[in-house]
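Note that this is a predicted model, so its numbers are computed, not measured. Atoms considered below: every heavy atom in the structure, side chains included; atoms not considered: hydrogens, waters and symmetry mates.
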2 protein chains.
Amino acid sequence: MKQISRFSHFGELSDKDYFRIALSVDCVIFGFEDDELKVLVIKCNIKEYKGMWSLLGDLVRPDEDLDSASYRILKDRTGLDDVYLEQVQTFGKVNRHPAGRVITTAYFSLVNIKDHQLKLSDNELHWHPVKEIAEMAFDHKNILDTCLERLREKIQDHPVVFNLLPKKFSLRELQSVYEAVLNCELDRRNFRKKFFMMDWLIDLNELEEDVPHRPGKLYKFNAAKFAKKTKKVS
Amino acid sequence: MKQISRFSHFGELSDKDYFRIALSVDCVIFGFEDDELKVLVIKCNIKEYKGMWSLLGDLVRPDEDLDSASYRILKDRTGLDDVYLEQVQTFGKVNRHPAGRVITTAYFSLVNIKDHQLKLSDNELHWHPVKEIAEMAFDHKNILDTCLERLREKIQDHPVVFNLLPKKFSLRELQSVYEAVLNCELDRRNFRKKFFMMDWLIDLNELEEDVPHRPGKLYKFNAAKFAKKTKKVS
DNA sequence: GTTTTAATGTGTATTTTTAACACATTATTG
DNA sequence: CAATAATGTGTTAAAAATACACATTAAAAC
């Protein structure tokens, strides 16, 4: 690797000093189950936070893009490809990690829990209700809160919650997701009206099955309406 | 610094490899002058981008918070303290910097150009109209675009543009800022109505001076209405 | 099989917000 | 003192968001 001393405007520090910072990625992987918003967490095995929940993360490799690192973590941990992933913010307090200077970039992701099988016992991986998480290892609770806030803003204008649902879903399920994420109750009639107006849904002319009540109609996400915009942001 | 090998889940890389990434901060410093939105740029002196404009940035020191690094850059470059600063995004493509693996976190800042004197000749620092910037060194045009987009969203709901103006300003000046940032024309009556409704302004009962037309009333930002929320995000 | 239950499915009226639009007023300039 | 070029103001129309009640359907209970 080339030297980059041209960076150091002040001269007190050598390049070696600047390369004593490590960069990691942490993924807030949201899922939806039992009418609750959940997040994938793992038992922390660092002594300072032993036994506490932490987010899924890893160091960024020198030869991989930042975005790629988050995809890698997601793929390795959930086996899922092609999931929704969005960068949220970078957390860089000096003492945020007991093992040294580690700056982390947070991503949030939306997956359908049913789409994959976790090796739960192996890794102490666990889908935890977001509402019930009071504290986490490191600054991960802060990261989680920030990502949840971003998610709440995001779903107001952008068709992303479909990633939390199976391909076919009822309007009730869709509304449940919104209520779980926003942590509030919504009016069913206005909710339905809004979604039909937005033209985000395609009526499948099928009905729910195995529900203990009148089955609702099934819909799928109108993906064709949203050409995949590939951001070249990072 | 302690070892952090516990991070490496995969074992192919040693800690030394992970510490071959450097982290920098780049500031998109916006200003407002001559009815135009401007950005503070500096002539690039790296051979690959010689002579092109670049943003103001520097490597993050091992012992400084990420946010502090951006404040430091701003202070060093503009002499300004206590300015508006917001983290936007981190850019981490492997080859974004010719000198090596440098990941950068972008901040945008809003300053009142008149509040400080730049040593323009010294540093080849320059306030450049945002609209006229077609290309920049590195991925800085991309960073600028991303920050401008964020700024546009931000000003819709949050009282931040006051940072671009002097303490006392007329409604016309305020509207000009919005028009410059959003790159569109706004209806004067609706604009005024909206601002009076929002209760963001305090009427100073003073008039503009030295304007070649009927002077407008002067206002100041209703700072008391917005308790300083100190985010603990990074 | 009839009743009960618990959900789905639908329309209208009200309020709020946003957008469109025109003329009188005032200080400066010539 | 007239012309100019800006400031300052109110109403109307359209659109969006909100509040709200009853009929329908399939399963479950009896």
I'd like the 5' and 3' limits of the part of DNA chain D contacted by chain B, with heavy-atom contacts below 4.0 Å. D/dA6 to D/dT11
Heavy atoms within less than 4.0 Å of DNA chain C: which residues of residues 180-205 of chain A have one? Give them sorted by number. A/R188, A/R189, A/R192, A/K193
B/R214 CZ to C/dT28 P, straight-line distance once rounded to whole Å: 11 Å
Quick check on the 6.0 Å ring-centre criterion: do B/F169 and B/F221 meet it? no
Using a strict heavy-atom distance below 4.0 Å, which residues from residues 164-178 of chain B are in contact with DNA chain C? none
If the condition is ring pair (Phe, Tyr, Trp, His ring centres under 6.0 Å), which residues does B/Y219 pass it with, not counting sequence neighbours? B/F196
Looking at A/D203 and A/K220, does any basic side-chain N land under 4.0 Å from a carboxylate oxygen? no
Can you check nucleotides 2-5 of chain C for protein contacts, nitrogen or oxygen pairs under 3.5 Å, and list what you find?
none

By ring pair (Phe, Tyr, Trp, His ring centres under 6.0 Å), B/Y178 pairs with (sequence neighbours left out) B/F191, B/F195
Do A/E33 and A/K114 sit within salt-bridge range, that is, some charged N less than 4.0 Å from a carboxylate O? no
Restricting to side chain to side chain contact (heavy atoms under 4.5 Å, CB included), what partner residues turn up for B/P129, sequence neighbours left out? B/E36, B/K38, B/E132
Between A/D139 and A/K93, is there a salt bridge with N-O shorter than 4.0 Å? no
Assess the residue pair B/R72 and B/D58 against the criterion (salt bridge (Lys or Arg N to Asp or Glu O under 4.0 Å)); give the C-alpha distance rounded to whole Å, side-chain angles, the decisive distance to 0.1 Å, and a yes or no. CA-CA 9 Å; B/R72 172 171 58 80; B/D58 194 15; 3.1 Å; yes
Terminal axes of the helix from C/dG1-D/dC30 to C/dG30-D/dC1 (five pairs each): angle between them, nearest 10 degrees: 10°
In residues 155-165 of chain A, what donor-acceptor pairs under 3.5 Å come from side-chain atoms, sequence neighbours left out?
unit_1	atom_1	unit_2	atom_2	d
A/Q156	NE2	A/R152	O	3.4
A/N163	ND2	A/V160	O	2.7

For B/H213, what residues pass the ring pair (Phe, Tyr, Trp, His ring centres under 6.0 Å) criterion, not counting sequence neighbours? none
I need the CG-P distance between B/D157 and C/dT17, as an integer number of Å. 14 Å
Is the A/W53-A/H128 ring centre distance short of 6.0 angstrom? yes
Side chain to side chain donor-acceptor pair (under 3.5 Å) against A/K168, all qualifying residues, sequence neighbours excluded: A/E206
Does one side chain, of A/R150 or A/T146, offer a donor that lies under 3.5 Å from an acceptor on the other? no
Modelled atom types, side-chain donor and acceptor of B/Y107 and B/D67, under 3.5 Å: yes
Salt bridge (charged side-chain N to carboxylate O under 4.0 Å, His left out) against A/D210, all qualifying residues, sequence neighbours excluded: none
